[in-house]
Number of protein chains: 2
Amino acid sequence: MPKQVDHDERRRQIGDAVCRVIAARGLNAVSLRHVAAEAGVSMGRVQHYFATVDEMLMFAFDLISERVAARLGAVHSDDPAKYLRAILLELLPLSPDARAEAPVLAAFLAQAVVEPRLGVPLHEGNEQMVAWLAGMITAVRPGGDPKRDAMALLAFVDGLMLQVLIGQVTPEAAEDLVDHQLSRVLT
Amino acid sequence: MPKQVDHDERRRQIGDAVCRVIAARGLNAVSLRHVAAEAGVSMGRVQHYFATVDEMLMFAFDLISERVAARLGAVHSDDPAKYLRAILLELLPLSPDARAEAPVLAAFLAQAVVEPRLGVPLHEGNEQMVAWLAGMITAVRPGGDPKRDAMALLAFVDGLMLQVLIGQVTPEAAEDLVDHQLSRVLT
DNA sequence: TGTTTTACGATGCGTTCGCATTGCAAAAAC
DNA sequence: GTTTTTGCAATGCGAACGCATCGTAAAACA
């Protein structure tokens with residue numbers, strides 16, 4: 001057989017190309033041909049690593065989910081308030097990495113409206129996020145209804161992410177709004 | 001010639017079918033054949049009223065935009081706080097009408113990320129909404145930074161709309177969150 | 001060294017797509 | 001009653017699609 005290749009690495013490379021296609025032209029532009037062209041490989045190779053387009057999309061979804069989780073995991077702070085702020089800002093398309101990933105997330109988010117299968121992993125991620133946010137809110141300002149605050153905060157940043165992506169809100173204004181919203185919640 | 005038909009009415013019927021297809025299966029399911037089938041007419045008829053699929057989609061976008069505007073325009077209250085609350089709730093997929101329209105809005109919102117042409121009308125609607133919200137906020141609680149509050153509130157309801165559509169948040173919880181958020185902003 | 005297995009590249013097939021073209025019945029216009 | 005115009009239905013076409021299949025170079029294995 002030909003030289004043994006790193007199977008996972010190849011899948012990741014193709015998954016990367018899928019994400020780039022989604023970010024540039026949306027979910028419906030994801031086809032074997034476009035992805036192969038974007039990845040700079042043959043259609044045959046793409047088919048060798050993914051049986052169907054659907055499997056390819058699911059892999060891409062897992063891929064950016066992990067990327068976002070990794071970015072969030074890299075955030076640290078001893079001050080709960082600063083930690084909370086940093087995490088919320090990390091969810092917005094402000095850094096180059098986040099700006100590359102956010103359009104993909106948004107596309108899958110919208111697809112989840114008409115494709116319930118995507119809802120399951122999204123739901124888990126949201127639950128985790130709400131729990132973490134609630135914990136941080138409690139750490140800064142005990143009492144009240146931290147879970148409710150957390151859910152409101154998450155809805156707020158999700159909406160804000162879209163507004164920034166669409167260009168309704170500038171990155172600077174978004175950061176300002178996050179601070180404003182946080183000051184409301186944490187006092 | 002055959003009997004004179006109401007041109008606008010026919011376009012509206014087809015546009016309706018487009019919206020139903022979007023709500024059920026997403027934007028990429030919008031094709032001449034699917035729309036014709038959904039509307040119960042021939043492909044020829046659809047082509048007779050819309051030169052291209054793109055024109056059809058733009059018409060559908062205008063259509064639901066007007067529908068949402070009409071729903072918002074039907075809301076009235078002398079109490080600014082109640083008025084504000086009612087408008088925000090009207091933006092969420094709580095009533096049957098809103099539940100039918102919200103998935104379509106969400107699909108166009110996501111499409112706007114990769115198709116800047118959609119951004120223009122969305123931007124206008126958002127500006128109007130922010131101005132109105134800011135006015136209402138000032139009426140209830142003068143001073144502060146009403147525009148900033150309005151932008152935050154809009155991002156919040158946009159995100160909440162998506163969460164409800166995806167099933168992460170129940171309609172009841174969404175209503176509760178709106179009240180909670182409003183109490184934070186208005187005091 | 002021969003055999004097997006792996007990783008593809010290439011090609012083909014049936015389907016669906018948007019859109020153009022054609023044809024025609026029927027009512028309006030005269 | 002004739003002519004003209006309108007509102008479609010039907011069909012065709014080239015492109016793009018997902019996916020199956022086939023062929024093959026090459027490394028691992030015997």
Side-chain angles (χ1 to χ4, degrees), chain A residues 1-63 107-108 111 114-115 117-118, chain B residues 1-63 107-108 111 114-115 117-118:
Chain A
M1 40 185 155
K3 64 182 168 193
Q4 291 273 26
V5 300
D6 185 337
H7 208 77
D8 291 344
E9 168 68 11
R10 290 266 205 239
R11 280 173 69 93
R12 203 191 53 73
Q13 283 174 3
I14 296 171
D16 252 354
V18 174
C19 289
R20 268 177 275 134
V21 170
I22 295 174
R25 307 216 272 131
L27 263 180
N28 52 13
V30 175
S31 70
L32 288 180
R33 288 158 176 81
H34 283 154
V35 169
E38 176 67 38
V41 303
S42 72
M43 262 181 65
R45 179 124 123 200
V46 176
Q47 274 196 95
H48 182 68
Y49 288 101
F50 297 97
T52 69
V53 171
D54 204 75
E55 183 191 330
M56 214 168 67
L57 284 171
M58 286 304 184
F59 180 82
F61 177 66
D62 289 345
L63 195 63
F108 279 117
Q111 188 68 13
V114 291
E115 188 161 344
R117 289 160 46 223
L118 279 172
Chain B
M1 41 184 157
K3 64 183 169 194
Q4 293 273 25
V5 300
D6 185 337
H7 207 77
D8 292 343
E9 168 68 10
R10 286 275 153 96
R11 279 172 72 92
R12 202 190 54 72
Q13 282 173 4
I14 294 171
D16 251 356
V18 174
C19 289
R20 268 177 274 135
V21 169
I22 295 174
R25 309 216 270 131
L27 262 179
N28 53 12
V30 174
S31 70
L32 287 181
R33 293 162 228 278
H34 283 154
V35 168
E38 175 67 39
V41 303
S42 71
M43 263 181 66
R45 180 125 121 201
V46 176
Q47 274 196 98
H48 182 68
Y49 288 101
F50 296 98
T52 69
V53 170
D54 205 74
E55 183 192 329
M56 214 168 67
L57 284 171
M58 286 304 185
F59 180 82
F61 177 67
D62 289 343
L63 196 62
F108 280 117
Q111 188 67 12
V114 292
E115 187 161 347
R117 289 162 46 226
L118 278 171

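Per chain, numbering begins at 1; letters A, B, ... match sequence-line order.
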Q: May I have the distance from L57(B) (atom CG) to dG18(C) (atom C1'), rounded to whole angstrom?
A: 12 Å

Q: Please give, in whole Å, the distance from dA7(C) C1' to H7(A) NE2?
A: 10 Å

Q: Give the minimum heavy-atom separation between V114(A) and A23(B), together with the two atoms involved.
A: CG1-O, 3.3 Å

Q: Between L63(A) and D16(A), what is the shortest heavy-atom contact and its length?
A: CD2-N, 3.8 Å

Q: Does anything in residues 8-26 of chain A come within less than 4.0 Å of DNA chain D? Heavy atoms only, and list the residues if so.
A: none

Q: Closest approach to the side chain of Q47(B), judged atom by atom: which nucleotide of dA10(C), dA28(D), dA20(C) is it?
A: dA20(C)

Q: What pairs of residues pass the ring pair (Phe, Tyr, Trp, His ring centres under 6.0 Å) test when at least one of them lies in residues 5-31 of chain A, not counting sequence neighbours?
A: H7(A)-Y49(A)

Q: Which heavy-atom pair separates R10(A) from V5(A) by the least distance, and what is that distance?
A: NH2-CG1, 3.2 Å

Q: Assign V5(B) to base, sugar-phosphate, or nothing according to its heavy-atom contacts below 4.0 angstrom with the strands shown.
A: sugar-phosphate

Q: Specify the residue among V41(A) and M43(B) whose closest nucleotide of DNA chain C lies further upstream toward the 5′ end.
A: V41(A)

Q: Enumerate the protein-to-nucleotides 14-17 of chain C contacts in which both atoms are nitrogen or oxygen and the separation is below 3.5 Å.
A:
{"from": "dC17(C)", "atom 1": "OP1", "to": "S31(B)", "atom 2": "OG", "distance (Å)": "3.3"}

Q: Give every residue pair that meets the ring pair (Phe, Tyr, Trp, His ring centres under 6.0 Å) criterion with at least one member in residues 15-48 of chain A, sequence neighbours excluded.
A: none

Q: For residues F108(A) and L57(A), report the shortest heavy-atom separation together with the two atoms involved.
A: CZ-O, 3.5 Å

Q: Got a sec, which residues hit side-chain contact (heavy atoms from CB on, under 4.5 Å) with D8(A), two or more places apart in sequence or on another chain?
A: D6(A)

Q: Does anything in residues 28-56 of chain B form a salt bridge (charged side-chain N to carboxylate O under 4.0 Å, His left out)? List the pairs, not counting sequence neighbours.
A: R11(B)-E55(B), R20(B)-E38(B), D54(B)-R117(B)

Q: Please find the pair of heavy atoms, one from V18(A) and one from A60(A), that lie closest to each other, and give the distance.
A: CG1-CB, 3.6 Å

Q: D6(B) CG to dG7(D) C1': how many Å, rounded?
A: 14 Å

Q: Nearest-Å distance, CD (Q4(B)) to C1' (dA29(C))?
A: 11 Å

Q: In whole angstrom, what separates D54(A)'s CG from dG18(D)'s P?
A: 11 Å

Q: Rounded to the nearest Å, what distance is computed from the CD atom of residue E55(A) to the P atom of nucleotide dC19(D)?
A: 10 Å

